[in-house]
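A quick write-up on the structure given underneath.
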2 protein chains.
Amino acid sequence: MFSKTCEYAIRAMIFIAQKSKDGSKVGIKEIAKGIDSPEYFIAKILQELGRKGVVQSMKGPTGGFYLDNSARKTSLATIVKAVDGDNIFSGCGLGLKQCSDKHPCPLHHEFTKIRKDITSMLNKTRVGDLQEELDQKLTFLRRD
Amino acid sequence: MFSKTCEYAIRAMIFIAQKSKDGSKVGIKEIAKGIDSPEYFIAKILQELGRKGVVQSMKGPTGGFYLDNSARKTSLATIVKAVDGDNIFSGCGLGLKQCSDKHPCPLHHEFTKIRKDITSMLNKTRVGDLQEELDQKLTFLRRD
DNA sequence: AAAATAAAAGACAAAAATATCTTTTATAGA
DNA sequence: TCTATAAAAGATATTTTTGTCTTTTATTTT
Ligand code: FES
Ligand code: FES
């Protein structure tokens, strides 16, 4: 469904939301441990998300990653689009170069339904909301 | 959603269903052209599907690939499982090692709904049915 | 100002997915 | 039986994804 990169990105965003909700910042090592991802790899991913303004960061002592109030409202759709592009939102399920009602692949009718559900789900799910459930220990970001 | 391999596999199966509906067989070159895939690559994929009994084939002159009556009833789920494994049917959307109601990731509740829809769609969609629409030129396997 | 810290940037490495080519085997037809 | 045909099998190559390491830059603290 999502690339590994994207899975890590979403998990990291939720983790950062949690750890920075009191205004503090969280370092890359803690993030990597918290979401069980390769440290250098998630660093690269967050670097890119930082460039796109999806996550905030600060260098130096007491520095780290955090989410400002607007970033907490980021939808999963925004993250997925930033990392995986928009194939999942508009691409053909059978890999035709273009998905189109006028020139549909054999799966088009069934697939567009699913794709619509996915899009709507990703659009309405926000990082901040997921973080709250995590806080209540109702959900988890890693399996020990 | 699906790997490239899997997309080619599904397209090829539908194409073969169409070309072999009168009992004849279709060669790898014609398949590759018909679904716009790399020739040697789809050959490998069909070889593997052949080993698993999902597609039938015959060597030598007048040989080629075809689908017997039982193979026409193959669901997309069977093809996807044979090629991509069962991650899409049971894997965690955020990449946790295990998806579980007891230890859910933050996306679990939303994701399992989608996954259920996908599974059900793939289970009830059969190669033979898709081939019929293709035959009526209502759908297409490539974009020119 | 100097030292320590932590992310950014850039280079590199390994693994997996995708794609191609060559040789072998089975089958049909002359 | 010989030849031509087409898939199977095996080897190799390329590209993309995933993962790692090193150097640089910004910031804080001493
Ligand atoms: S054309 Fe394939 S999903 Fe629309
Ligand atoms: S645990 Fe992630 S989808 Fe179920």
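Chain letters run A, B, ... following the sequence lines, proteins first, then strands; residues in each count from 1.
Just one residue in the list B:Arg72, B:Lys25, B:Gln56 forms a side chain to side chain donor-acceptor pair (under 3.5 Å) with B:Ser20, and that residue is B:Arg72.
Distance from the side chain of B:Met58 is smallest to C:dA28 among D:dA7, D:dT28, C:dA28. If you check D:dT29, C:dT5, C:dT27 against the side chain of A:Thr62, the one that comes closest is D:dT29. The listed nucleotides are D:dG19, D:dA9, C:dT27; the one nearest the side chain of A:Phe41 is D:dG19.
Distance OH (B:Tyr66) to P (D:dA6): 16 Å, rounded to an integer number of Å. The nearest whole Å value for the distance from the CD atom in B:Gln56 to the P atom in D:dA8 is 11 Å.
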Using a cutoff of under 3.5 Å, can you pull out all pairs of nitrogen or oxygen atoms linking the protein to nucleotides 21-25 of chain C, with atom names and distances?
residue, atom, partner, partner atom, Å
C:dT25, O2, B:Lys59, NZ, 3.3

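Considering only heavy atoms from C-beta on, B:His108 stays 4.5 Å or farther from A:Thr139 through its side chain. Residues B:Leu46 and B:Ile16 are in side-chain contact: their nearest non-hydrogen atoms beyond the backbone lie under 4.5 Å apart. Using a 4.5 Å cut-off on side-chain heavy atoms (C-beta onward), B:Glu110 and A:Leu76 make no contact.
The aromatic rings of B:His103 and A:Phe140 sit parallel, their planes meeting at an angle under 30°, below the 60° perpendicular limit.
Contact of B:Glu39 with C:dA19 (side chain to base): no donor-acceptor pair of N or O atoms is detected under 3.5 Å.
A salt bridge links B:Lys97 with A:Asp36: the distance from a Lys NZ or Arg NE/NH1/NH2 to an Asp or Glu carboxylate oxygen falls below 4.0 Å. For A:Lys52 and A:Glu48, the salt-bridge test passes: some basic side-chain N is under 4.0 Å from an acidic carboxylate O.
Applying the ring pair (Phe, Tyr, Trp, His ring centres under 6.0 Å) criterion to A:His109, with sequence neighbours excluded, gives no partner residue.
Within residues 3-30 of chain A, the residues that have a heavy atom under 4.0 Å from DNA chain D are, in order of number, A:Ser3, A:Lys4, A:Thr5, A:Tyr8.
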